S.K.: 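Sharing a structure with you now.
Just so you know, these numbers use all the heavy atoms, side chains as well, and skip hydrogens, waters and symmetry mates. This structure is a prediction, so every number in the text was calculated from the model and none was measured.
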Amino acid sequence: MAAIKGMSLFKKTGLIAFCLFGVIASATSAMTAWTLYGLMTREYVSKGTAIAQSIAGASQEILLNRDAATVQSVIDQYLEIEGVAYVFVVDGDGLVVSHTFVPEFPPMLHDVRGLKHEIAVSSLDIPPHGAVIDICAPVLAGLAGFVHVGMGKELIMAYFWEVVLKMQILLFFIFWGCVGILYLVMRRISRPLGQLTDYARKLAAHDFSAAIDIRTRDELEVLGRAMMSMGQELALLFSEMENEVGKATADLRDHMAYLAAIIDNLADGLLVVDVTGAVSVINPAMREFFDLGDTPCKGRSPARLFPVEVTGLADRIRRCTTEVLSAEIPLARGRTGKAVGSTIFAETPGRQCLGGVLLVRDITREKELDQLKTDFISTVSHELRTPMTSVLGFSKIIRNKLERYVFPLLAGDRGVEKPIGQVRGNMDIIVAEAERLTELINDVLDIARMEAGEVQWRDENVPVAGVLRQSVEATRGLWQAKGLAVEIDVGDDLPPVRGDHDRLVQVVVNLLSNAVKFTEVGPIRCSAEREGGFVRVSVRDNGAGIDRADLRMVFDKFKQVGDTLTGKPEGSGLGLPICRQIVERHGGSIWVESEPGRGSVFTFTIPLAEDEARAGEGDAEPSCRAPEGGEVPDARTRTSPLVLVVDDDPALIEYLSQVFEERGYAVCEAANGPDAVATARSVLPDLITMDIMMPGMDGHEVIARLRALPETRAIPILVITALGGAEGEAGDMALVKPVDDATVIRAAESLLRGQACGGACIVLGGRECDLNGMRVLCSGEVTFATAEEFWPLVEDGFRGTVFISSEVVGGMELERLSALGGVSVVILPPFACKG
């Protein structure tokens, strides 16, 4: 517990008592002095009045006889009375008959007039006599004159201050006496309080062995005993709590060890990424799948460890969506894996997104078996197709012959009407079943041809609205038969996609057929909208939905959702796999979101036609400016670096532009993602500064597109963003706003130096390899390395050209290598590395 700072309780009480006592003493002294002053003034007025009346009564005849000497003798004796300042008498004409002033009568008193029938009192200030109270008494109603008696106020003020001084002295001694008594009382009270305070501090420091001994026989002693009891209770409680925490910690440690053992011994690969996209958990199986060995993975971006297929899934599952993703991914040493990923949510307290989890299973053997099965089914189906064609054709011919020639001859014979009806129905069944078998065989052959790459694609610019309308019309018989409605929601300005029109119609028809199959209450909604460089098409139904456990296999071949033993499956189970083959061939992706009892949404994306995509990426002229006194150099002739500043904030663009211009750099600007891609492809800058949070196309997508373009793949990208933690996963370096000019320049120069090292080369295959004039690509150092020595060099930041001899190319992970930013790959011909 922190010590209490400031005045003690006694000092505070003493200060308050001093202030209160001072106020009381001052008020009492003032009231007493004022009362004394009033009483003495009235006493002086009374005394002066008595003197004046006495002189007036004794001086009537004397004044009438104008005997001034007698009057003088009478008034002189009154000067001996305390407080009398002067006495003078005037006759009825206002002339001074006699007075007691020495040496002369003050001129201002000539103007003082009295009242004829009563005593007049007035206050005067007569130099040098000071302030006086003049009492004027008439003699014979003023006919014989007036008597003035002046009572001096100096004596009143002297008495006044004497009383005040004596009272202050008395109060002074009373005050300090009270202070002494208060000190003794407060000391008696504060000592046990101090003990209680120290005891409370020890309790706060978990020192439950402390004791307190207060024997005041009052409330403080009771309080002390209560605190002692509370301390003992707390000691017992803490002891029990420590025991429980120890047990819980041990249980948690055992549980964590149990989970770690499960994860480490899991046959499937496990990868967990946090919300920033960094790896948080990876198990040994995952390391083995991608030959990571002992490479440190925790806290690193998946892009530095895994191929783009895994990186893309990891990036999507950490975005806190509810979709379950699945895809086939390449593993090391030519194996194939099946990855299933979803977002991790914590339900308490409140729903919180924690990142995503990716589970990878090695399906190489299954793929091989599946390929064998597909080949077998394809062969058998191909062999069945010809006889089925004959069966179907001859069945239709027989049905037509019977209808045209045989049944009319037997018409009217009541004995054969029933057999004719049975034959007609049987023929319809034969034709329908033959058509169903033919459709199944066609589906099998269709997907087999797709997997074998034998399908002829007729790509063209396809309006998605037309695809949806044609698909709805093609399935009209299905959804009208169930009384359902189908709604289409497509914007008028939706751009076309590049693809095979008939195959895209086949995808939508399959999705609509499935929606109709599992929906009892409409409507079914088909919608299409633009999403970046893609068109996103969704088919939403209100059907039974799909269990979460079944979502990951709905696009597998011959897999049907639900229990195929208790419920009769409808269809061949090849419709959705065919859809996925078609969509992925077009460069898009397909997935499903569903909730049991509330319906499903099947969604796929198709890239825009190239001209539309380019139009979406911005057609503005590059906005560039040269350093002071120079010109914007051409990409092939420039001698000073050219920096592309990408940010949607004009003020920040201006700030960064000026920072780079002052260092002699040429600067181009882009205020959004599409313009950034277009400008980068146009001017080929040496460095790009990238904001992440931009409307429309964010920085992540811009960087992904730049990395996908051969001409911009190696350009270093400096991310400058307000996001913390997740900003650096896409670029080569990241700074978090706010940034200062020195930091920006230091980071830019570091990246530009790294780019200069991009002229370095690595030759995989031995020193006998002849680069055959390709050393022009190596402006920097040429290193000869084996395949095992190569990846550590990449981990250390190598950027440049990799020459691979044809002899070792089979052992290299070319897809992983081609996904690296800033690395170019050249495969040498066989004769280049002959000894």
S.K.: Is a side-chain N or O of S594 found less than 3.5 angstrom from the main chain of G599, in a donor-acceptor match?
M.R.: yes

S.K.: So K367 and E328, side-chain contact (heavy atoms from CB on, under 4.5 Å) or not? Walk me through it.
M.R.: CA-CA 10 Å; K367 287 288 292 184; E328 290 186 3; 3.1 Å; yes

S.K.: Would you please test L354 and D274 for side-chain contact (heavy atoms from CB on, under 4.5 Å) and show each step?
M.R.: CA-CA 6 Å; L354 303 180; D274 58 22; over 6 Å; no

S.K.: Determine whether a donor-acceptor pair (N or O, by modelled atom type, separation under 3.5 Å) exists between the side chain of T475 and the backbone of V472.
M.R.: yes

S.K.: Do you know which two heavy atoms are closest between V516 and K482, and how far apart they sit?
M.R.: O-NZ, 2.9 Å

S.K.: Determine whether D362 and F289 make a side-chain contact, defined as any pair of heavy atoms from C-beta on separated by less than 4.5 Å.
M.R.: yes

S.K.: May I ask you to test the K338-V360 pair for a side-chain heavy-atom distance under 4.5 Å?
M.R.: no

S.K.: Are V486 and R476 packed together at the side-chain level, in the sense that at least one heavy-atom pair is separated by less than 4.5 angstrom?
M.R.: no

S.K.: Could you tell me whether the side chain of V340 reaches within less than 4.5 Å of the side chain of L358, counting heavy atoms only?
M.R.: no

S.K.: Is the closest side-chain heavy-atom distance between L270 and V357 below 4.5 Å?
M.R.: yes

S.K.: Any salt bridge between E366 and R361, counting N to O under 4.0 Å?
M.R.: no

S.K.: Less than 4.0 Å between a side-chain N and a carboxylate O, is that true for E403 and R424?
M.R.: yes

S.K.: Are side-chain heavy atoms of C526 and V490 found at a separation under 4.5 Å?
M.R.: no

S.K.: Report yes if the side chains of R598 and N542 come closer than 4.5 Å at any heavy-atom pair, otherwise no.
M.R.: no

S.K.: Are any of the side-chain nitrogens in E487 or R525 under 4.0 Å away from the carboxylate oxygens of its partner?
M.R.: yes

S.K.: Could you walk me through whether E593 and R540 pass salt bridge (Lys or Arg N to Asp or Glu O under 4.0 Å), step by step?
M.R.: CA-CA 9 Å; E593 299 173 49; R540 180 187 299 272; over 6 Å; no

S.K.: Mark yes or no for whether H586, through its side chain, and D500, through its backbone, hold a donor-acceptor pair below 3.5 Å.
M.R.: yes

S.K.: Between R335 and E368, does any side-chain N to carboxylate O distance fall below 4.0 Å?
M.R.: no

S.K.: Within the supplied structure, the quantity of interest is the number of heavy atoms (other residues, nucleotides, ligands) at a distance under 6.0 Å from K401 NZ; does it exceed 12?
M.R.: no

S.K.: Taking atom CZ as the centre, does F345 end up with more than 12 heavy-atom neighbours from other residues, nucleotides or ligands that are less than 6.0 angstrom away?
M.R.: yes

S.K.: Any donor-acceptor pair under 3.5 Å linking the side chain of R287 with the backbone of T295?
M.R.: yes

S.K.: Between R498 and E460 (salt bridge meaning N to carboxylate O under 4.0 Å), is one present in this structure?
M.R.: no

